[in-house]
Amino acid sequence: MINKIIETFEEAVADITDGAVIMIGNFAGPGGFPYYLIQALKKQGAGNLTIVANTAGGIKIPGVLLDFDDHGILFENKQVRKVIANFPFSLSPTHLSPAEKQVNAGEVELELVPQGTMAERIRCGAVGVPAFYTPTGFGTVIADGKEVRYFDGRPHLLEHAIRADYALIRAYKSDRMGNLVYRGTMRQFNPIMAMNARVTIAEVDEVVEIGEIDPEVVVTPGIFVNRIVRIKDDPGFPRHLERSFWVRDSEAI
Amino acid sequence: MINKIIETFEEAVADITDGAVIMIGNFAGPGGFPYYLIQALKKQGAGNLTIVANTAGGIKIPGVLLDFDDHGILFENKQVRKVIANFPFSLSPTHLSPAEKQVNAGEVELELVPQGTMAERIRCGAVGVPAFYTPTGFGTVIADGKEVRYFDGRPHLLEHAIRADYALIRAYKSDRMGNLVYRGTMRQFNPIMAMNARVTIAEVDEVVEIGEIDPEVVVTPGIFVNRIVRIKDDPGFPRHLERSFWVRDSEAI
Amino acid sequence: MKERLPREVIAMRIARELFDGAVVNLGIGIPTMVCNFIPEGITVIYHTENGALGFGPVVTAEEFEERADIDLINAGGQFVTPLPGMCFFHHADSFGMIRGGHIDITILGVIQVSEEGDLANWMTPGRGVGNIGGGMDLAFNVRRVIAATEHITKGGKPKIVKQCSVPLTAPRCVDLIVTDVAVIEVGKEGLVLREFAPGWTVEEIQSITEPKLIVADDLKEIEL
Amino acid sequence: MKERLPREVIAMRIARELFDGAVVNLGIGIPTMVCNFIPEGITVIYHTENGALGFGPVVTAEEFEERADIDLINAGGQFVTPLPGMCFFHHADSFGMIRGGHIDITILGVIQVSEEGDLANWMTPGRGVGNIGGGMDLAFNVRRVIAATEHITKGGKPKIVKQCSVPLTAPRCVDLIVTDVAVIEVGKEGLVLREFAPGWTVEEIQSITEPKLIVADDLKEIEL
């Protein structure tokens, strides 16, 4: 019987070794972010990590973004060697993130990537395409050192797939086979990271029986997911799980 | 108000011109195939077409595949100049399709493509990636004339995006904005063709009110769809629309 | 110097560029305000990088307790509201829409914009670092790029320049520049001054604009 | 010559290669039969190119009227049945699974298979045309490729050859060959004869196999 449910977050991340490449579902706040898995990874202590995520974590902008412990804690804890991100810096020059300080000090290597190129590099890594051409970045700093090729008279850059050892992702519901559904904008990078990594570990709100998820609605097929941990304690972010985003009547707004 | 519903199939295909590149949702039978749009395109008569589809149509294997009028009728009607397909020939050497006869006679050009490469070329055309590398085909006839490049010591071929003027697709339900859901294996090439074409025309079983489709369930966002026509007459293929494929209880099988 | 238009009025003017059924991606800052000024009877479909189309207005401070949900946010991290007809998708599909040319209009903020439509809006001058985010993909690939900006910097320097002195977001991408004193089209021959803020003369606008402006035959006061 | 195993027994032997949780894609012909012989207690997840995972058995002739539905078919166009835990996706995602190495095992039919594991199974000899379909993607990209075939052609010629004389599906892709007289592993040094059908000697098998077979130290009779 296929059963990918793991009891504890600690167990789920126990085998992550020093030097691993880790993708983290992350976008502008705690939505779709694997909060408890990151806490567990900090506690577990693996070092010399390469992190692939939208931000480099720890971006605190009082009054704009919710202040919570994201993957910035891995930088604080000196577990990171390199970060591949598109939005690595705080918007405020007076609230530098741990990552920014470490990048400035030369302690952490930063690979800065346009967001869409990052998404496609992750997808390509997932689907066996080692490299592709994209128009984005020609004539900017992003083009430095990259092969340029013209298609239909337009310049394009050659971009390479990224592959991860682990993806730490966040979803809404799972069954024991690992079929995942998300909720609203929780998806962001999570489904493509799940497809990419050698080992995908998902943190979910609910574990349901096989067959409880409509097959038309599955976003991440279970074959991409290796371990599932259910969240036991609500970390207290603004959410209304009792309410779906499905608005049937336009007058209801 | 956005309203993409068109009353008749004739109207929906009226502006297709000679020489157009047309993608058609198609896979091993009538499931997910835009039956009425193809009938309308035959009647409309545009010629010199390039067809992009899984098969070249008209593959009749008595007792194995359902015998029905697919896009083979466009070949019969001499409307096709070129076909890009991965499964263009009948399995039976005694039941040649119209396309096979025309390819053999040099009347129609055939571009034979591995199925996965075809799917990715269609997706790339949809998402602004002009070309990508794939391992599939190196050391076979598919590699003839193609650029070879090694990534991680493994040879890959450069493959180019395909772009279409029109996609004739099949879906299950639509709202007037063109948000589409499918049913079972009806999806096949339909969602990626919908994303690709300059003009996407969908043939659907049901048109529902805005808001009747759960936002988590939409497979093809409405922005990819230009015209929707509802099927009025059931063409009589085996289907059980009253029954979903959602099996909740494993004992029910 | 004459009075300059408030940021809301820049947004109001840009809203007039939208059309029924337009698929629009709004950058952070002035662009976000545009959605408050959509003309009656027009349906605009908003796209956000993090994977939603067709969502509704930002949750207001009063609604926060009741409606804010971390699982429904826009690219700026703001809580937004659901609408009938919306849908969700992942990041590769989201940027597939952008790169594939399926977004009609994007409205982006500006650090500098050049005579040829080069846009620089990501590298914070002085700090030496910056976030590229999704702006580069938008600037390169969206059919129509509208730059929303104050005409000059807080220090009084032109933001519309002959050549950008800070790292580019994308070369030759901007189609229209809407500022607090003018509406300028990026044409093949150069920048065309199309509209001016009430009370401003061509000479006054030219004096705070580095490249030479071409004056449109039908130059007029900004209409809202 | 001795009796050769029926096609069902080839399928039965291949079924033993599957493991709990294996993600498997079955080609048309003998491969399709494999699903009828999965050992008790093992869950195999079937993948079909046209966008489904985890579906159930083919609809039988008796069930046709009641269950056949054109919206639930496998890659061979056969009507299949739903199972709890299955899911659907589009063709690019489907072949993303294949190309990305997410399918554990594929079982493919054979026209010829070479000493080095080259597979030819698409171009019909004599007819000069053929359907590539999804077979090339499977042969190139699936982790473990099992070739299911009669040992010789109807005309009595070896199908296991030194070099394929018909166009390849993929070079050096086959890991295991299961025929009606033998189980042969494609090893680094060449083809290793691991198992033989009841009554067959090594010499007899070699006599209908073009390349020289290496005999495994633990050579044994096929177990089912």
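Just so it is clear: chains get the letters A, B, ... in the order the sequence lines come, proteins before strands, and each one is counted from 1. This structure is a prediction, so every number in the text was calculated from the model and none was measured.
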*asked:* Is it true that, when you exclude A/Arg176 itself, more than 12 heavy atoms of the residues, nucleotides or ligands shown sit nearer than 6.0 Å to its CZ?
replied: yes

*asked:* Within the supplied structure, the quantity of interest is the number of heavy atoms (other residues, nucleotides, ligands) at a distance under 6.0 Å from D/Gln163 CD; does it exceed 12?
replied: no

*asked:* Within this structure, what is the CE-CD distance for the pair D/Met86 and A/Glu216, rounded to the nearest 0.5 Å?
replied: 7.5 Å

*Counting only heavy atoms closer than 4.5 Å, note whether A/Arg123 contacts chain D via side chain, backbone, both or neither.*
side chain

*asked:* Counting only heavy atoms from other residues, nucleotides and ligands, does the tally under 6.0 Å from NZ of D/Lys162 exceed 12?
replied: no

*asked:* So for D/Ala52, is it side chain, backbone, both, or neither that comes closer than 4.5 Å to the heavy atoms of chain A?
replied: neither

*asked:* Other residues, nucleotides and ligands only: do more than 12 of their heavy atoms fall within 6.0 Å of CD on A/Glu209?
replied: no

*asked:* I'd like to verify something: which residue of D/Asp104, D/Leu53, D/Ile98 has the highest number of heavy-atom pairs under 4.5 Å with chain A?
replied: D/Leu53

*Report, as yes or no, whether the 6.0 Å neighbourhood of atom CD on D/Glu221 holds more than 12 heavy atoms from other residues, nucleotides or ligands.*
yes

_If you count every heavy atom of other residues, nucleotides or ligands that lies below 6.0 Å from D/Glu189 atom CD, does the total exceed 12?_
no

*Could you tell me which portion of A/Ile2 (side chain, backbone, both or neither) has an atom closer than 4.5 angstrom to a non-hydrogen atom of chain D?*
both

*Mind checking the CG-CE spacing from D/Asp93 to A/Met195? Nearest 0.5 Å is all I need.*
5.0 Å

*Spacing of SG belonging to D/Cys87 relative to CD1 belonging to A/Ile223, to within rounding of 0.5 Å*: 7.5 Å

*For A/Met1 and D/Thr43, work out which heavy atoms get closest and say how close.*
CA-OG1, 4.5 Å

*Please report the shortest heavy-atom distance between D/Gly85 and A/Ile210, naming the atom on each side.*
N-CG2, 3.7 Å

*How far does CG of A/Asn196 sit from NE2 of D/His102, to the nearest 0.5 angstrom?*
7.5 Å

*Kindly compute the distance separating OG1 (A/Thr220) from CZ (D/Phe89), expressed to the nearest 0.5 Å.*
12.0 Å

